[in-house]
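Just so you know, these numbers use all the heavy atoms, side chains as well, and skip hydrogens, waters and symmetry mates. Numbered from 1 within each chain, the chains take letters A, B, ... in sequence-line order.
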There are 2 protein chains.
Amino acid sequence: MATIKDVAKLAKVSISTVSLALNGSERVSADTLKRIQDAANSVGYSPNPLAQGLKAGRSRMIGMVLADLANPFYSQMLKQVENLLIDHQYLVVVASSRGNAKRERAILETLASQRVSGIILSSHITSPEDVAYLKSLKIPMVLVDHKVDGFAADFVGCDNRMASAMLTERLIREGHTRIAHLAGVEGLWTAEERNQGFRATMAAFGLEVDESLILHGDYDGDIGYKQAMRMLVRPDKPTAVVAANNVMALGALQAMRDLGIKCPEEVSLTAIDDAPWSKVIEPKMTMVVQDVNEIAEMATRFLIDRTTPAGADIPPREHILVPQFVLGQSIASPVKAASFQDSAP
Amino acid sequence: MATIKDVAKLAKVSISTVSLALNGSERVSADTLKRIQDAANSVGYSPNPLAQGLKAGRSRMIGMVLADLANPFYSQMLKQVENLLIDHQYLVVVASSRGNAKRERAILETLASQRVSGIILSSHITSPEDVAYLKSLKIPMVLVDHKVDGFAADFVGCDNRMASAMLTERLIREGHTRIAHLAGVEGLWTAEERNQGFRATMAAFGLEVDESLILHGDYDGDIGYKQAMRMLVRPDKPTAVVAANNVMALGALQAMRDLGIKCPEEVSLTAIDDAPWSKVIEPKMTMVVQDVNEIAEMATRFLIDRTTPAGADIPPREHILVPQFVLGQSIASPVKAASFQDSAP
DNA sequence: TTGTATGCGTTATCAA
DNA sequence: TTGATAACGCATACAA
């Protein structure tokens with residue numbers, strides 16, 4: 001690979017002049033500039049990012065740390081973020097924390113040592129030590145989806161309390177009283193918020209929450225299946241379920257299929273987050289969706305702003321999306337369920 | 001961030017000794033080794049990868065270039081690859097070519113300038129110049145999913161001809177003669193292979209291929225919807241469809257839904273590639289699937305082998321997966337279709 | 001307007 | 001067994 005020396009030699013100038021010229025300095029004569037450009041082209045010169053990074057103390061890379069790269073919500077976010085960042089000459093280093101705080105921290109340390117220009121992070125960190133570590137990082141950072149208590153950083157995500165509240169209220173107005181919540185990981189911000197939204201709405205309608213109907217998962221399909229199975233085989237099964245995310249809802253639907261339980265006739269199902277396959281699953285899911293592209297765009301914008309010289313002075317910003325309700329065919333009134341059971345053999 | 005100098009100062013040795021010691025050289029006394037390790041720990045030293053990369057001429061990063069980061073097939077592959085590479089201390093730089101050869105080449109140039117240790121590439125390159133460029137790259141590379149004609153490199157993917165042949169044969173044996181093919185991008189290797197498999201099987205059974213029933217798409221859902229719509233509104237619509245990938249099949253299914261066409265009663269649908277939602281879509285898709293994790297594992301192994309000192313001498317290897325047939329409810333015999341239409345008002 | 005020299009943090013060569 | 005020094009490729013302060 002051609003280096004700056006090759007260009008300098010060919011253009012018969014010093015390497016500093018080449019550097020100056022190629023970085024658009026004013027103080028280079030039009031004549032030599034042309035010579036240098038020609039030389040650079042003819043040897044196919046492009047600066048070594050490693051050398052630039054070493055010199056500058058940071059590289060033109062952005063780290064993206066997510067819990068599950070195969071989750072459609074995150075993979076769409078990644079797609080969009082990469083798409084936007086590439087236009088700003090940033091490369092995206094992606095790493096999966098697997099929802100594990102220890103691993104997440106290890107990744108962050110690696111990214112920090114790589115001198116990435118910024119990090120987009122969907123954090124699963126909760127312990128005070130880890131939060132302190134986050135604070136100690138002097139790298140532009142934007143949190144997406146999950147907020148971290150005690151860490152004031154840019155954040156882009158939806159109003160999670162509202163999201164589960166919307167679904168819960170709808171189910172209650174549909175006549176349900178015995179509603180289960182397929183929740184996310186305990187302690188995780190989004191999970192807690194969604195849980196709170198569920199509880200608050202139940203309380204607002206004077207309904208008691210059966211704690212045994214709140215089962216936690218890791219936002220993955222397998223656990224969604226298992227936890228749903230657990231609640232569905234009970235004689236006092238719920239008449240409706242609020243799933244904390246799309247993939248767990250899918251697992252729950254699968255469980256109903258396997259048990260032969262009709263959705264929505266016997267059990268209504270609702271979920272937070274859209275998925276590419278939502279339109280063709282049967283029944284169509286009733287859900288509240290976040291505009292993942294909007295999240296990606298705002299996160300990218302926040303991050304790029306922070307990488308500017310004045311970026312460090314920007315006070316933490318937040319962009320909270322209002323989730324959108326999408327009515328499907330996965331909910332029905334429990335009256336129907338009762339009559340369905342009556343008519344069963 | 002602490003540098004090697006800090007460690008040297010604290011341990012009261014020269015930086016070269018520190019480097020020697022920390023890189024596990026034999027010729028460092030146990031005593032000084034201990035001192036150096038303690039010093040390194042106490043200042044929290046970790047070597048600067050940028051400096052290491054500059055010195056070594058390559059960085060501990062692997063580039064992964066895919067057409068669509070949101071396609072579940074690719075996102076699952078990415079997940080698995082990242083998962084395996086992180087254990088080998090490699091970071092994954094991911095970039096989307098969007099199926100565009102020009103962009104793909106630009107990305108490859110960027111990755112090359114970054115001195116990545118290797119590249120996993122799902123290539124959409126076809127032109128001789130671009131192929132020549134691929135050949136000129138002196139970076140360990142493994143092709144996945146798509147082969148590149150004229151470029152002998154490691155390859156991991158499935159037998160695409162066989163994949164579409166399996167579906168086509170099944171449909172023919174079911175009684176179909178008027179079969180459409182929702183194909184991939186013309187000129188693209190997998191697309192051509194799948195197309196060939198379809199044609200060869202049709203020919204083997206003495207069936208003529210209606211060229212107007214071979215419509216090409218870019219493996220994306222939108223185009224799948226549009227192209228399917230195009231063939232489904234025809235009075236002489238096909239009785240069965242072989243979709244070249246999962247996402248396009250999804251689009252086709254959506255089109256049937258919108259038109260009120262029953263699947264499989266009126267039109268049978270089959271697809272190549274699994275998807276996380278395949279079990280809960282209605283009807284369950286009949287498909288041939290590739291084990292994407294196996295692809296990821298083999299690709300990673302091939303690549304890591306190539307990054308070893310002896311790696312360059314390994315002759316190009318291939319790992320061709322035999323696709324697996326998965327019977328769903330999305331196919332029926334055209335007899336049924338006829339009777340269905342007869343019974344229609 | 002251009003050139004010289006230094007340093008970014010490592011590794012490696014050669015001396016000591 | 002350890003240390004001084006060069007080199008990787010670039011950007012920049014300072015000289016000319």
Side-chain angles (χ1 to χ4, degrees), chain A residues 1-40 43-61 89 109-117 138 309, chain B residues 1-37 39-40 43-61 89 109-110 112-117 138 309:
Chain A
M1 302 230 105
T3 75
I4 198 170
K5 280 186 190 167
D6 303 319
V7 179
K9 199 169 294 177
L10 191 60
K12 299 189 194 304
V13 292
S14 73
I15 61 165
S16 48
T17 305
V18 175
S19 178
L20 239 40
L22 263 29
N23 288 316
S25 166
E26 300 291 301
R27 34 179 214 167
V28 172
S29 75
D31 179 48
T32 45
L33 175 60
K34 173 101 175 62
R35 265 205 342 274
I36 289 172
Q37 284 170 335
D38 289 347
V43 298
Y45 170 74
S46 84
N48 182 332
L50 264 37
Q52 287 181 313
L54 176 60
K55 180 73 181 142
R58 64 197 158 67
S59 67
R60 284 202 78 81
M61 304 217 219
Q89 336 274 25
E109 285 168 358
T110 305
L111 290 175
S113 79
Q114 287 281 353
R115 272 65 172 183
V116 296
S117 288
K138 294 288 171 263
Chain B
M1 303 229 107
T3 75
I4 198 171
K5 280 186 191 169
D6 303 319
V7 180
K9 198 169 293 175
L10 192 58
K12 298 189 195 307
V13 290
S14 73
I15 60 167
S16 33
T17 305
V18 176
S19 177
L20 237 41
L22 263 28
N23 288 316
S25 165
E26 301 291 302
R27 35 179 213 169
V28 171
S29 75
D31 179 49
T32 45
L33 175 59
K34 173 98 175 66
R35 264 204 345 271
I36 288 172
Q37 284 170 335
V43 299
Y45 170 74
S46 85
N48 182 333
L50 264 39
Q52 288 181 314
L54 176 60
K55 182 76 180 127
R58 62 197 159 67
S59 67
R60 283 203 79 80
M61 303 219 211
Q89 336 275 24
E109 285 168 356
T110 305
S113 79
Q114 288 280 353
R115 273 62 171 185
V116 295
S117 288
K138 295 287 170 263

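Nucleotides of DNA chain C lying under 4.0 Å from heavy atoms of chain A occupy a range whose first and last members, 5' to 3', are C:dT1 to C:dG9. The footprint of chain A on DNA chain D, defined by a heavy-atom cutoff below 4.0 Å, extends from D:dC8 to D:dT12.
Contact check for B:Asn48 versus A:Leu54: side-chain heavy atoms found under the 4.5 Å cut-off. Side-chain contact between B:Arg58 and B:Val116: absent, with no pair of heavy atoms (C-beta onward) separated by less than 4.5 Å.
In this structure, the separation between CZ on A:Arg115 and CE on B:Met1 is 5.5 Å, given to the nearest 0.5 Å.
Between A:Gln52 and A:Pro47, the shortest heavy-atom distance links the atoms NE2-CB, 3.5 Å. Of all the heavy atoms in B:Leu22 and B:Tyr45, the pair that sits closest is CD2-CE2, 3.7 Å. In plain terms, the two heavy atoms of B:Leu50 and A:Gly53 that are nearest each other are CD2-C, 3.4 Å. Across all non-hydrogen atoms, the minimal contact from B:Ile15 to B:Ile4 is O-CD1, 3.6 Å. Between A:Ile36 and A:Ala21, the shortest heavy-atom contact is CD1-CB, 3.6 Å. In plain terms, the two heavy atoms of B:Ser59 and B:Gln114 that are nearest each other are OG-O, 3.4 Å.
Side-chain N or O atoms of B:Arg60 include one that pairs as donor or acceptor with a backbone N or O of B:Gln89 at under 3.5 Å.
Of the residues in residues 17-35 of chain A, those lying under 4.0 Å from DNA chain D by heavy-atom distance are A:Ser19, A:Asn23. Scanning residues 45-54 of chain B for heavy-atom distances under 4.0 Å to DNA chain D yields B:Leu54.
Positionally, the nearest nucleotide of DNA chain D for B:Lys12 lies more toward the 5' end than for the other of A:Ala2 and B:Lys12.
Using a 3.5 Å distance cut-off with no hydrogens or angles, the side chains of B:Ser14 and B:Thr17 do pair a donor with an acceptor.
Counting only residues at least two apart or in different chains, salt bridge (Lys or Arg N to Asp or Glu O under 4.0 Å) contacts with residues 12-37 of chain A comprise A:Asp31-A:Arg35, A:Lys34-A:Asp38.
Heavy atoms of A:Thr3 sit under 4.0 angstrom from primed sugar atoms or phosphate atoms, though from no base atom.
Listed by chain and number, the residues in a side chain to side chain donor-acceptor pair (under 3.5 Å) with B:Glu109 are B:Arg105 (sequence neighbours excluded).
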